[in-house]
Every structure is written in C-alpha cells, then in structure tokens.
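This report concerns only the one structure given below.
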Amino acid sequence: MRRMLALVIVLATVSCERTAAPAPARWDYPATRAVDAADTYFGKTYPDPYRWLENLKDKTVEEWFKSQAALTDSVLAKIPARDALAREWMELDKLKPASYSSIVYEQGRVFYKKTLGGENVGKLYFRQGWKGGEKLLYDPAEFKPVGAKAEAVTTIESIVPSPDGRYVAMGFSSGGAEYSEIRVLAVDSRKLLPESMYPSYGPIGWTMDSKSFFYDAGKVTDIKSPEIELNRKTRRHTLGAEVSSDQDIFSNESNPELGIAPKEMPFAAIDESYPDYIVGNVSTVQNEMRLFYAPTSQVKPNAKLQWTVLAKAADNLVRGTAFYKGNVYAVTHTGAPKYKVIRTSLVHPDWQKAETVIPEAKDSIQSITKSKNFLFVVYSDGILGRIVKYDLETGKPAELKLPASGTVSIECPDFRSNQCIVFITSWIQPATLYDFDGDKDTFEKSIFNTAVSYPGFDNLVTEEVEVPGHDGTMIPLSIIHRKDLKLDGSASAILEGYGAYGISYTPAFNVRHSIALRGVVLAYAHPRGGSEKGEAWYKAGYKTTKPNTWKDFISCAEYLIQKGYTSPGKLAGTGTSAGGILISRAITERPDLFAAAICNVGVANALRAEFSPNGPVNTPEFGTVQDPAEAQGLYEMDGVQHVRAGVKYPAVLGVAGWNDPRVSPWQPGKFIAAVQGASTSGKPVLLKVNYDDGHFTEEKTVTFRNFAGQFAFLLWQTGHKDFQPAS
C-alpha cells in the first residue's frame, strides 16, 4: 500500500532535530526532542515532530516511555482514594457469585467460561447436561503461553469445543496481547495435546468428524511487526499431525482468484447447524460482508476448495447470517437505514432480488441468532432492546414479551433445540440471565444466573435525554447520578463517548458506576458514528463526516453545563480506542470546556494510524492518505495535528498498553508529547503506560487498578474532595 504512494503522494521525512518548547517546571516532564519530520499529501505538508516515538524497539524511545510512566505513577500514587477505589470495585465484584461467557452445548456437554466474584480471570468448566453437576475442566494458571513473561497471568481468550464434545480448542494469552497460543484439551483426560499454534487470533471451528479444526494464522511470528495483520489465512490442523503440514484453505496465497487484499482477514468455518458447506468471510472493520462458500466434501488433505461467491460488499449485508433449508438469511441496510432481514437461495444467491422476511422497524437491528426452528432478531433504540422471534417454518414473526427491560441479547448454545439464554441489563441493574424456551415462549431464571444486589445502587437514577447538536441534530445522552443531586454546577462530572464502527453504546452495568455514589455525575454521549439511530447515524460520523462525532460530544458537554449537572471547572471527558479521536479533537477544539481528559489507548494521531500494524485493516472506517478527500478527513480527526502552542489545555492523561495490538502505544504517546510541549495552563499532562496490559485485559486486578488511576486523575483535576493530594 505504501509503495503505491510514490506517484500520487510525496512523503518527505527529514532527520534534523530541534528543541521542543520547555514544559512547565512544576511537573518536571522527561525531555522530549522534536525532529523536522513531515508528510506531504496532495500538496499539503503535515509536520510530525514526534515521529521518532513510533520506533518502539529503539532504546531511546523505550526509555522515554519508561520515564513518562515513572513520572505518572509517582503523581497518581499521591492521590488519596485511588487505591481505595480499586479495592471498592473488587469488593463489589466479590458480591457476585459468578459470571459466565462462551456457553456452548455439544453432545450433552455444556462448556463455558466461569469467573467467580473477586476472581482475577475465568476458568473453563463443563456440565453433563444443562443441569448436571459442574466440573472444573481447565485452570489457565496451569499454562504459560509462548512469549509470556514469568510473572504474567494467563487468560483463556477463546474456547471452541469439538462437535463430539471430546476436545476443546483453546486460545491462551497473557499481558493483554490478544494474540494466542492455541492448544487442544482432551476433555476426558483433562490433558493438553502436544501440538501448538502461535501467534493466532484463535481457533475458528471444527470439521464435523471432530478430527481437525480451523484456526487463524499469519506469515510472521513477531506480534509487534508492522506485517503482523497482513496476509493472514485460515489453516486446518488435523489432530496428531505436524503443525508445519497444516493446510492453508482460505487466503490470498491459496486463493488468488478471490482477490483477497493483504489487509483483509480471511476466516472460514463450518456452521454445525448447516454442515454441508464451509463459509468463508473476508473482512476488515467494514461492516458490509464479503462471503464465500464451498462444499464441505472438498475439505480433505491437499485438496483446494472451490469457493463460490455468496455475497459481495456491495450487497450491504451486515450483522450476521443464518442458514436454513437451502436459504441464507441476513441483515441489510439496502433500502432500510435501520436494517431489515432478507433471504435468498444459498446455491443461487441473488441479493438484489432477495425476499424481505422482516421489514425495517422504528428501532435498529443489532444482531440475529438462530436456534433449531427460529430466528431471533435483537433490536435497540439505543437504550431499550427487544427481541422478535421469526418462525423459520411458517414465516411468522412475533415479538417476545420480555421479563424485564433494558439492553437485551440472546444466545442459543444448542442448535439442535430451541433452548436459549436471554441477557438483560442496564446502567445500574446487573445482568440477569434467563433460560428461554422457544417452543413455549417461557422465561425462567437461568441456571447460569447469579443474582446480586450492590449496596447503595438503589440511590442512583438514570436519565435519557436528547441534546441539540451543532447542526440541530438531536444527540442521545445518558446520565447517571445520585437521586439527591443538586443541579447547581458543583458536581464533578465524567462524560464518555465513542462513536465509531457503527457500534451502539447501549446501557450495561459496571461496578465502576459506584463512583456516582460519591456525588459524581457519569454521562455517556451517543454521538454520530455509532448506530443508535441506524445506518445513517453511523455514516454521519464516518471518514469525512467524522467531525460530527466530536462536535456531538461537545454538544453533550455543553448541555451538562447548561442544565447545572456540572461546570467547566468540574467537567472531565474520556474516550477509549477509536474514542481517542473523539476526545483528542474535543479538547483541541474546545479546551475551555473541560477541566481534564483521558485518552485511553486512544487513536490520537489518525494521519499516521494507517502505518501501524492494525492500521490497514481500519482504513475502511477512517480513510486512507492515498485519497485526497480522505487524507484531509484524517487530518481533521488527528489530535496531534491540532495541538497549538500557547493554548491553555486541560489536564490530560494518556494511557498506553505496551502490549496493545490494536492501538500502538505511540498514538497516545505522541499526543501527550505534543500537549506537554504546547500547553500553558500549568495543568498536568501525563502518560500512563500499562506494561501488564494490551488494548484491554480480562484481569480484574489490572483493570480495576488502571481505571481507578484514571478516575482519580479526573476527580483530582475536577476538585472532588476525596481525591485531592495533601500538597
């Protein structure tokens, strides 16, 4: 991709160094040099004085990050109540007996990952039958994956049981790296088989005879290599065989006729409920799917699969597919901005003439799930969810009468039956799991449900409002606060936003919401770029329309101030991952509006993101510097490029995960370097580096400690009495 820039784009990088503006002495920031580096795209030059920080393998760069981390750790350690806050969340977590995930039913055995309250990471369990006695199958503490440090905690990233229930393919990881080592567990003996695959995003699925499985693989083994996410493939491993002989069944190398680009991820697996075909999905972050299929009879040693096109990106299929009696069902936004369900023949697909089986509604489709005889369609208006059950035999849809309201989801672990599990949660109500009988339309508390009551949460309330945006568009805003809150502007407030990939920021419970019991207002903006209001809402905060995302966030901040929930000196903003675009541009556009901000493992240097390991796969969402309009759009969403010397910026904490495979640590690092050298407010601008974390981690101790530090920083800077250092 970068080689193609030669004739269209001039890239100019000069190695001369210059001295950055001195930082305020009171914070004693590590020295940060600036170099005369720049990129020129379509006649416009973009200086990049902190380009050198991108070379994470350079010892000087490593020392710079360590120095920044040491300063930040020393400052955060002086904030009262930080450690107490982390302990508070762990104590609340201990109140819940257990949480469950990855529930799968195979041949009478129910496999699942279970995490006890207060337990750091989950373990693999199984039952013989839905209500059989529970047995511990595997504790990840017994295993140390490739590349793990001696002190690192191992986590189970994925579990894929075989159709006969005799094996479980698992992906093990550590330190939040996400790339896994795959090992296979023999269920009856509880022993790991000797074969190992690393690094991988994990197992994908099994062949129906349970003798082999499909998994993700790449061409390089260095997970920090710029090439790590390029030219990936689906391989098939036969139990007992040499891994080096594993067959490449779906990739740009084995299937050049399919036009799979280096940045596209090719995943292939067999849907057990429809085992005659193997389905391949070629994906980036683009929601519209590219699908292929081939007869499973072709899955045999040394045989090349003959793939047939099932769907093109232009067919606008999103949010899942399901197969039933020769038909394939899918969700599309073609002619339906809030999505509809359609179907066509699998053998002779024609999506342009597909039959609409569930028309567009007023709220948006979030997902589809299939049981033996039914298709379940989950809807949301951004706050409240509902489920429609579609009878695959009669073609009749009916809305389920749910036992509670809130954000809903449904899983059907056993495709051979109509027994499913429905999850319902909200901002201040913990998730409740219900066993749903699709034949009888009955709900009862699931055997996996663990009821819990958190002290004090009954003193909280939530409000759902809509806020006028900069162009008159009404922006949804969720607000959590104590019932006795006085709207006099005296409360500290934390406003969070995301707005990317068409992901709806639907309500979900978190013990971290206990911070509201201290009088803090928690608010969640729902800016354009998500899909709370459908496909049009998503595309209105996408590529060149991305400025709507941070402008909507700014509008929500102004509303909180106008209505007295908080005031500029009390308001903090935060954005995570793609939300780094939102927060870095919100504070560079309106530095006067915020007292403090967090850029949490956030994209803050969008013009350079394309040249990071995870960059190419994300160009369908944010754009590429190869296109003149998109290059300008990337500049607009680039926080680093919009930092200006002499501006009184709010206090800023950047957070980087040293093992982050999605957002390179230099993204928040360069933003902090720029603000440190430019701000004249005298407020702290710090960089927290989590060396035991990646983009995220399952480890509760790491997660709670991380967010306690972030909240402590924000509440210190917004004047909350519990978080003021002694001096």
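What's counted below: heavy atoms across the whole structure, side chains too, no hydrogens, waters or symmetry copies.
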Would you say the ring centroid of [X] lies under 6.0 angstrom from that of [Y]?
{"X": "Phe622", "Y": "Tyr501", "value": "yes"}
{"X": "Phe711", "Y": "Trp89", "value": "yes"}
{"X": "His642", "Y": "Phe671", "value": "no"}
{"X": "Tyr524", "Y": "Trp427", "value": "yes"}
{"X": "Tyr50", "Y": "Trp666", "value": "no"}

Donor-acceptor side-chain pairing of [X] and [Y] below 3.5 angstrom:
{"X": "Glu535", "Y": "Asn287", "answer": "no"}
{"X": "Tyr41", "Y": "Asp39", "answer": "yes"}
{"X": "Arg528", "Y": "Thr473", "answer": "yes"}
{"X": "Tyr379", "Y": "Gln366", "answer": "no"}
{"X": "Ser531", "Y": "Arg319", "answer": "yes"}
{"X": "Thr619", "Y": "Lys263", "answer": "yes"}
{"X": "Tyr635", "Y": "Glu630", "answer": "no"}

Show, in sequence, the C-alpha distance, side-chain angles and deciding distance for Thr506 and Ile383, and conclude whether the side chain to side chain contact (heavy atoms under 4.5 Å, CB included) test is met. CA-CA 6 Å; Thr506 50; Ile383 304 301; over 6 Å; no
